[in-house]
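Indexing begins at 1, ligand by ligand and atom by atom, following the structure's order. These numbers come from a predicted model, not from an experiment.
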Amino acid sequence: MTPGRVLLTQTQIRARVQQLGKSLTRHYRGKRPIFLGVMNGALFFLADLVRAIDLDETEISCVRLASYAGTNSTGKILGLDALDDSIAGRHVLIVDDILDTGRTLSALVARLKKLGAADVKICVLLQKRGKQEVPLHANWIGFKIPNHFVVGYGLDYDGRYRGLKQVRILTD
Ligand code: IMP
Ligand code: MG
């Protein structure tokens, strides 16, 4: 398995992140949000997004969740127990690389609400068309993409290819 066709160039990603940053700035002005990055996939997206917003009081936090082995979702979400009630009363923006089946993010939203978050919203770089198994609304979506396994700009295949500057389709 190797990275094949380029789906999104560095220029496209950069331009879209700036647009998302502007929209998030308008939405969160006057609030003190926590941007909660889902590691490791959201690493670059989170870092670029935070620098594309113009707010003085944004906090950054990370949670490390995993459900994938190879190109298959295992359905079991690991890592949610690392979150604690310091989230209570806060406006949380979940930042993730990709919304696929939706299982990871809906489990995370449920956990944050249980811990007493005042508001939970979702920003994903990518949403895969036709793959969602769990009803979940992402408030900000960078790009809707066809149902391919993609790598690069944080997205990996078993830990590989995260550092690619573009988003590329994984091929045999
Ligand atoms: P979900 O629970 O099925 O929505 O899975 C979401 C998580 O699986 C994402 O946060 C990614 O880490 C991973 N994932 C899903 N699709 C892809 C892909 O095409 N490439 C790399 N990682 C993916
Ligand atoms: Mg992920």
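- For the side-chain contact (heavy atoms from CB on, under 4.5 Å) criterion with F35, the lone passing option out of I53, V92, I94 is I53.
- Between atom 9 (C) of ligand 1 and the options D97, V167, V151, L170, the minimum heavy-atom separation is to D97.
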Going through the distances and angles, do L65 and L78 end up as a side-chain contact (heavy atoms from CB on, under 4.5 Å)? CA-CA 5 Å; L65 302 180; L78 306 170; over 6 Å; no
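- The residue from H148, K128, Q132, Q127 that puts a heavy atom closest to atom 16 (N) of ligand 1 is K128.
- The list of ring pair (Phe, Tyr, Trp, His ring centres under 6.0 Å) pairs with a residue in residues 111-140, not counting sequence neighbours, reads H27-W140.
- Of all the atoms in ligand 1, the ones that sit under 4.0 Å from a non-hydrogen atom of T101 are 1 (P), 2 (O), 3 (O), 4 (O).
- When the heavy-atom distances from atom 7 (C) of ligand 1 to T104, I169, N40 are ranked, the shortest goes to T104.
- For ligand 1, the polar-atom distance check finds an N/O of V150 within less than 3.5 Å of one of the ligand's N/O atoms.
- A salt bridge is defined here as a Lys NZ or Arg NE, NH1 or NH2 lying under 4.0 Å from an Asp or Glu carboxylate O, and E59 with R90 meets this definition.
- The two residues G41 and D97 have their closest heavy-atom pair at CA-OD2, 3.2 Å.
- Atoms of ligand 1 found under 4.0 Å from any heavy atom of D96, numbered from 1 in the order shown, are 10 (O).
- Comparing heavy-atom distances from atom 14 (N) of ligand 1 across V38, D158, I98 singles out I98 as nearest.
- Proximity of D156 to Y161: side-chain heavy atoms (C-beta onward) are nowhere separated by under 4.5 Å.
- Counting only residues at least two apart or in different chains, ring pair (Phe, Tyr, Trp, His ring centres under 6.0 Å) contacts with residues 99-121 are absent.
- Listed by number with element, the atoms of ligand 1 under 4.0 Å from a non-hydrogen atom of D100 are 1 (P), 3 (O), 4 (O), 5 (O), 15 (C), 16 (N).
- Heavy-atom contacts of L155 reach the following atoms of ligand 1: 20 (N), 21 (C), 22 (N) (cutoff under 4.0 Å).
- Looking at K131 against ligand 1, nothing comes within 4.0 Å, counting heavy atoms.
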